[in-house]
Amino acid sequence: MHEPDAIIVGAGLSGLVAAAELVDAGKRVVIVEQEPEASLGGQAHWSFGGLFLVDSPEQRRMGVKDSLELAKQDWSGTAGFDREEDEWGRRWAEAYVEFAAGEKRAWLHEKGVRFFPVVGWAERGGYNAIGHGNSVPRFHITWGTGPGVLAPFIARVQAGAAAGLVEFRHRHRVDEVVVESGVVVGVRGAVLAPDAAGRGEPSNREVVGDFDLRAPAVVVASGGIGGNHDLVREFWPERMGVAPESLLSGVPTHVDGRMLPIAERAGARLVNGDRMWHYTEGITNWDPVWPMHGIRILPGPSSLWFDAEGRRLPVPLFPGFDTLGTLEHIVATGHAHSWFVLTQKIIEKEFALSGSEQNPDLTGKDLKLLADRLGSGAPGPVEAFKQHGVDFVVADTLPELFDGMRALSPDVPIDTDNIEREIVARDRELENEFSKDLQLTAVRGARKYRGDKLIRVATPHRILDPKAGPLIAVKLHVLTRKSLGGIQTDLDSRALASDGTVVPGLYAVGEAAGFGGGGVHGYRALEGTFLGGCLFTGRAAGRAIARG
């Protein structure tokens, strides 16, 4: 293909969506990707497939009353836009929430995407009505998880390839966005040696050639910086303290951020590099795919959360309520880890693991496995981590549990007397339906939502009740994941220069664009919004290029 209509840099979800839109318009596309073909789909393949929808049929069937106005209120209170460079992020947020409340579900449904009937309640907030968090459950799990989101777009792009409209160039690393007379006209870079690395595994960087491609449109769809810990630390915001000495990686190492300065050299404006989204419930993957591979626990609200020295986290930093608030608090302790203390009864009902590979029932659309999840016992992948994971302690008594915790954290003194005091006091609060413990109040409130009561929140019980045991402690690590800033774009995903003008011929989508405008989320996210940002920005870019 000598003269494509567009070059897309990156074969992740946002790039594939842009390519699919261009194929629909009969346009010709070259997709360049530094990783082997095995990694087609990028980070989205590994995701849980959560999507943010507003006032959906799934919500209504679960008795959830949602509205566009409530969703906008939640987004605004969560994002906290307060910078001059937030103007485009704010515009993208307005457009995206309207998309999530309108066309998004029907557009995906037409492509064959379906959703698990129980809607999850992520980022519950715990502050006032105009503060951070989702007022209602909005986390829609795709039937098929991340691969299920990718499937229709991969199929469309592969059909385009069969029709001669799409050419994949794997093992092509872009080193320069070519600009002539102020207009982006193509890309140059290195051809890397073939590599048999599996999906997500590190691949070689041996250069065996070079390339120079020309097109009237270049789309940067290269992702963020989560796999590059040096960059994470460089941009770590002062407001979140000092970056932890040790970090787990929630994304492969090729998520390295290298295209961001390349786009900047071509004239694009980078904004909000200090805004990022990392998790505090990371556990070391006992069967890793990439270096420092961590998995996030998606917790229900019942586990007691203690810092590294054994102090209970303050209100409202309960599991699943405020990711970045919890991160700031934990980092401020001077330690890189914290602890969940819970029971077998809690882990069976409340622990899920993020990632397509950790949810074979949902990913494989396997009804038999799904029935096993809804039955007694912990889900198979959770039980495997409990048995093999290095961060789990299982014991019948508190002294045994504390011995195990000390063994996993020998360099940090743990006030186990305080942990025991907190557990006993919390258990005492269960003697009646009244309580001053706001976590118990939150648990009881969550169970008023039928989805939580059915599959997500355990019946309140005493932690020290032998019938609920054994006792479990989980050492939690900070897990890198998403960049919330990036290339500033207008609503057509066109890259903007520092003076606010369009960089002719240059587009940016997905995480590279801060999921829209260089920061559609502001400071915080409502969850289920990262894949959605890839869908929305990729769609906008593809349609804008197709219009000419």
Side-chain angles (χ1 to χ4, degrees), residues 74 77-80 120-135 139 236-237 239-244 247-248 276-283 296-342 346 350-352 354 391 405 409 412 414-415 418-419 421-423 425-426 429 435-446 452 456-458 460 463 472-481 521 523-527:
D74 287 348
T78 294
W121 195 351
E123 288 297 296
R124 302 180 189 223
Y127 304 94
N128 56 30
I130 62 172
H132 166 66
N134 284 294
S135 297
F139 190 83
W236 189 274
R239 64 182 176 276
M240 292 201 301
V242 179
L247 296 166
L248 294 179
M276 48 188 69
W277 189 257
H278 307 306
Y279 292 111
T280 52
E281 311 98 329
I283 51 177
R296 185 204 174 195
I297 295 171
L298 300 173
S302 299
S303 298
L304 295 187
W305 206 336
F306 296 91
D307 69 18
E309 296 183 14
R311 295 178 292 259
R312 191 173 173 188
L313 269 57
V315 173
L317 304 184
F318 311 134
F321 276 65
D322 180 1
T323 293
L324 289 196
T326 306
L327 177 60
E328 291 178 31
H329 179 84
I330 289 172
V331 168
T333 68
H335 302 292
H337 70 275
S338 60
W339 295 94
F340 276 168
V341 175
L342 60 150
I346 291 173
E350 299 196 8
F351 268 36
S354 182
D391 296 314
M405 293 170 69
S409 184
V412 180
I414 305 174
D415 188 348
N418 182 66
I419 296 177
R421 183 165 54 249
E422 289 277 9
I423 292 172
R426 178 263 185 202
E429 295 282 312
S435 176
K436 67 179 181 182
D437 188 311
L438 287 183
Q439 184 172 1
L440 279 177
T441 300
V443 168
R444 287 166 172 156
D452 277 349
R456 199 71 179 105
V457 181
I463 299 294
I472 300 168
V474 186
K475 186 178 182 181
L476 306 172
H477 308 268
V478 176
L479 177 74
T480 66
R481 186 61 63 88
H521 297 97
Y523 288 93
R524 282 178 162 90
L526 287 172
E527 290 284 36

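Computed from a predicted model, the values in this text were never measured in an experiment.
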Asks: Could you work out, with side-chain hydrogen bond (donor to acceptor under 3.5 Å, both in side chains) as the rule, every residue matching Glu328, not counting sequence neighbours?
Replies: none

Asks: Within a strict 4.5 Å, meaning less than it, do heavy atoms of the Leu324 and Tyr523 side chains meet?
Replies: no

Asks: For residues Arg311 and Asp415, determine if any side-chain heavy atom of one lies less than 4.5 Å from a side-chain heavy atom of the other.
Replies: no

Asks: Is there side-chain contact between Ser435 and Arg426, with heavy atoms separated by less than 4.5 Å?
Replies: no

Asks: With sequence neighbours excluded, what pairs up with His132 under the ring pair (Phe, Tyr, Trp, His ring centres under 6.0 Å) test?
Replies: none

Asks: So which pairs with a foot in residues 308-327 pass ring pair (Phe, Tyr, Trp, His ring centres under 6.0 Å), sequence neighbours left out?
Replies: Phe318-Phe321

Asks: Quick one: closest heavy-atom pair of Val443 and Pro460, and the distance?
Replies: CG1-CG, 4.0 Å

Asks: Can you name the side-chain hydrogen bond (donor to acceptor under 3.5 Å, both in side chains) partners of Asp322, sequence neighbours left out?
Replies: Tyr127, Arg524

Asks: Apply side-chain contact (heavy atoms from CB on, under 4.5 Å) to Ala79 and list each qualifying residue two or more places apart in sequence or on a separate chain.
Replies: Trp75, Phe81

Asks: Got a sec, which residues hit salt bridge (Lys or Arg N to Asp or Glu O under 4.0 Å) with Arg312, two or more places apart in sequence or on another chain?
Replies: Glu422, Asp437

Asks: Using the test side-chain hydrogen bond (donor to acceptor under 3.5 Å, both in side chains), find all partners of Asn134 that sit at least two apart in sequence or belong to another chain.
Replies: Arg138

Asks: I need the minimum non-hydrogen distance between Asp74 and Ala129, along with the two atoms involved.
Replies: OD1-O, 4.4 Å

Asks: Any heavy-atom pair between the side chains of Phe351 and Ile472 that's under 4.5 Å?
Replies: no

Asks: Checking Asp391 now: which residues fulfil side-chain hydrogen bond (donor to acceptor under 3.5 Å, both in side chains) with it, not counting sequence neighbours?
Replies: Thr284, His477

Asks: So, applying side-chain contact (heavy atoms from CB on, under 4.5 Å) with Phe306, which one of Ile414, Leu476, Ile419 is it?
Replies: Ile419

Asks: When you compare the side chain of Pro244 with that of His278, does any pair of heavy atoms fall below 4.5 Å?
Replies: no

Asks: Applying salt bridge (Lys or Arg N to Asp or Glu O under 4.0 Å), name anything that partners Arg296, two or more places apart in sequence or on another chain.
Replies: Glu281, Glu527

Asks: By side-chain contact (heavy atoms from CB on, under 4.5 Å), which residues pair with Pro237, not counting sequence neighbours?
Replies: Arg239, Met240, Asp274, Met276

Asks: Under 3.5 Å, side chain of Asn418 to main-chain N/O of Gly310, donor-acceptor pair present?
Replies: yes

Asks: Please list every donor-acceptor pair under 3.5 Å in which a side-chain atom of residues 334-342 meets a protein atom from a residue at least two apart or in another chain.
Replies:
from   : atom 1 : to     : atom 2 : distance (Å)
His335 : NE2    : Glu309 : OE2    : 2.8
His337 : NE2    : Ser409 : OG     : 3.3
Ser338 : OG     : Trp305 : NE1    : 2.9

